[in-house]
There are 2 protein chains.
Amino acid sequence: MSDNIIIQGFESAEHDHRHCVADALSEAERVCTQRGERFTPLRRTVFELLWSSHKPVKAYDLLAQLALTHDRPAPPTVYRALDFLQEAGLVHKLESLNAYIGCGEPGRRHQGQFLICERCGVVAELDDEALTSRIDANARKIGFKVSDETIEITGLCRQCQVS
Amino acid sequence: MSDNIIIQGFESAEHDHRHCVADALSEAERVCTQRGERFTPLRRTVFELLWSSHKPVKAYDLLAQLALTHDRPAPPTVYRALDFLQEAGLVHKLESLNAYIGCGEPGRRHQGQFLICERCGVVAELDDEALTSRIDANARKIGFKVSDETIEITGLCRQCQVS
DNA sequence: ATGCAGATTGATACAAGATAACATTCAGCA
DNA sequence: TGCTGAATGTTATCTTGTATCAATCTGCAT
Ligand SMILES: [Zn+2]
Ligand SMILES: [Zn+2]
Ligand SMILES: [Zn+2]
Ligand SMILES: [Zn+2]
């Protein structure tokens, strides 16, 4: 467990995003192989579209992007790919936006905690285990057994506060 | 600040729900009056429908309920009432369910933290200021200015674990 | 090689959730 | 009484997500 709770997001403008994507792709390959599942071309394409930036993407926007390279894709095409990627822990859904974003640390099971900049749209993914522990403790106090967490914080990133 | 972080939810089966509702209604009247806004019959009806249980209600279910007493209500009718009630802090939206629930403590501004039982559907609303502080601290560490929180925890309530 | 079973994708239709735009009615007040 | 802005009615449309069944592909046993 790292002391740095930030998993991805709000990187400097000059960061090597190609490297981000390459890493994410190889991690995805690895995760799928380990799970005995197939990282098919379609799933890979959707995954790459999601990683085209550190901003969440909406399902129908993915669909429109897909339409550029595939013949008349239909909604189930993209939703099935998204379901698969979420199952595999490669992608998170942001419930407050109805949008999807690539996970910055697949392999380790987690729900993710997100900081969403309402101005530029960039999302940071955090993992603060103390936060999760605190939630678990609160739940346990009233006999509630946690299975899933949705933690999405909206606001302004540093850049967008000044400009 | 109370030491008890639970605001509502998971009450005993015999709890006096009529009292819950009466309290919620008088609080709502008070809040609206204080804000100089009108708690109209329509808004009141929607509010009462939301308080018919401690479970979240979907907009189109509200619409169906409304249809029993009103003449062919349309979606904007219920969405406008919901918008008003949310603005006034009387109702929360649960993003992970696309559903709405009455706030257990209006008057005091907060976003709410929710425990959602995936079996019985009952929702508890908590307010753990330490949790909010921790989130704020994490955000501040990376220069993020928080304006809104969505915290929704899914799992099993005590009753539903045993039965 | 051939054929089969399960997984994946294609295709059509529809359900569910939410909003835009404009018309009408209502409450409060000059 | 008549005006004004708030509230509600009405119609249409947009966004988001599923159900269902057909076609294709993959890996494997024969
Ligand atoms: Zn990057
Ligand atoms: Zn993640
Ligand atoms: Zn009650
Ligand atoms: Zn509340």
Side-chain angles (χ1 to χ4, degrees), chain A residues 28-29 31-33 35-50 56-88 90-101 121 150 152, chain B residues 28-29 31-50 55-88 90-101 121 150 152:
Chain A
E29 303 257 22
V31 167
C32 287
T33 300
R35 290 168 55 93
E37 301 194 286
R38 298 170 52 210
F39 195 52
T40 65
L42 178 61
R43 290 164 179 172
R44 183 190 184 91
T45 301
V46 169
F47 187 80
E48 287 174 335
L49 288 172
L50 283 170
V57 186
K58 288 176 168 281
Y60 275 71
D61 290 342
L62 287 173
L63 193 55
Q65 290 296 314
L66 263 188
L68 302 179
T69 54
H70 292 63
D71 190 42
R72 307 197 310 109
T77 298
V78 65
Y79 280 107
R80 282 193 288 232
L82 287 171
D83 286 347
F84 172 87
L85 295 170
Q86 287 178 266
E87 282 291 319
L90 296 170
V91 161
H92 297 289
K93 177 177 185 185
L94 298 177
E95 298 286 355
S96 62
L97 298 177
N98 292 325
Y100 305 82
I101 191 166
T150 297
E152 300 172 16
Chain B
E29 302 258 22
V31 167
C32 288
T33 300
Q34 197 218 319
R35 291 168 55 93
E37 300 195 284
R38 298 170 53 211
F39 195 52
T40 65
L42 178 61
R43 291 165 178 172
R44 183 191 184 91
T45 301
V46 170
F47 187 80
E48 287 174 333
L49 288 172
L50 283 171
K55 301 182 184 180
V57 186
K58 287 172 169 283
Y60 275 69
D61 289 343
L62 287 172
L63 193 57
Q65 291 295 315
L66 262 188
L68 301 178
T69 54
H70 292 62
D71 191 41
R72 306 195 308 108
T77 299
V78 65
Y79 281 107
R80 281 194 287 233
L82 287 172
D83 286 347
F84 172 86
L85 295 170
Q86 286 178 267
E87 281 291 319
L90 297 170
V91 160
H92 297 289
K93 178 178 184 184
L94 298 177
E95 298 285 355
S96 62
L97 297 177
N98 293 324
Y100 305 82
I101 191 165
T150 298
E152 300 172 15

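Only this structure's heavy atoms are used, side chains among them; waters, hydrogens and symmetry mates stay out. In this text, all values refer to a predicted model and were calculated from it rather than measured experimentally.
In this structure, the side-chain contact (heavy atoms from CB on, under 4.5 Å) partners of A:Val46, at least two apart in sequence or on a different chain, are A:Leu50, A:Leu62, A:Leu66, A:Ala81, A:Leu82, A:Leu85. Checked against ring-ring contact (aromatic ring centres under 6.0 Å, His included), B:Phe39 has the following partners two or more places apart in sequence or in another chain: B:Phe47. Qualifying salt bridge (charged side-chain N to carboxylate O under 4.0 Å, His left out) partners for A:Glu87, counting only residues two or more places apart in sequence or in other chains: none. For A:Arg80, the salt bridge (charged side-chain N to carboxylate O under 4.0 Å, His left out) criterion is met by no residue, not counting sequence neighbours. Scanning for salt bridge (charged side-chain N to carboxylate O under 4.0 Å, His left out) contacts around A:Glu152 gives an empty result, with sequence neighbours left out. Partners of B:Phe84 under the ring-ring contact (aromatic ring centres under 6.0 Å, His included) rule, at least two apart in sequence or in another chain, do not exist in this structure. Shown here are the side chain to side chain donor-acceptor pair (under 3.5 Å) partners of A:Gln86, two or more places apart in sequence or in another chain: there are none.
From the 5' end on, the contacts that DNA chain C makes with chain B at under 4.0 Å to a non-hydrogen atom open and close at C:dG17 to C:dA27.
Over its length, the helix from C:dA1-D:dT30 to C:dA30-D:dT1 turns its helix axis by 10°, as judged from the five terminal pairs at each end, rounded to 10°.
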Original post:
Where along nucleotides 5-16 of chain D does protein come under 4.0 Å, by heavy atom, of base (B) or sugar-phosphate alone (S), with - for untouched nucleotides?
Top reply: --SBBBB----B
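Looking at B:Pro75 and B:Leu63, their side chains come closer than 4.5 Å, going by heavy atoms from C-beta outward. Annotation: side chain of A:Ile101 is not in contact with side chain of A:Lys93 (no heavy-atom distance under 4.5 Å).
Screening residues 36-48 of chain A for salt bridge (Lys or Arg N to Asp or Glu O under 4.0 Å) gives A:Glu29-A:Arg44, A:Arg35-A:Glu37, A:Arg44-A:Glu48 as the qualifying pairs, with residues at least two apart or on separate chains.
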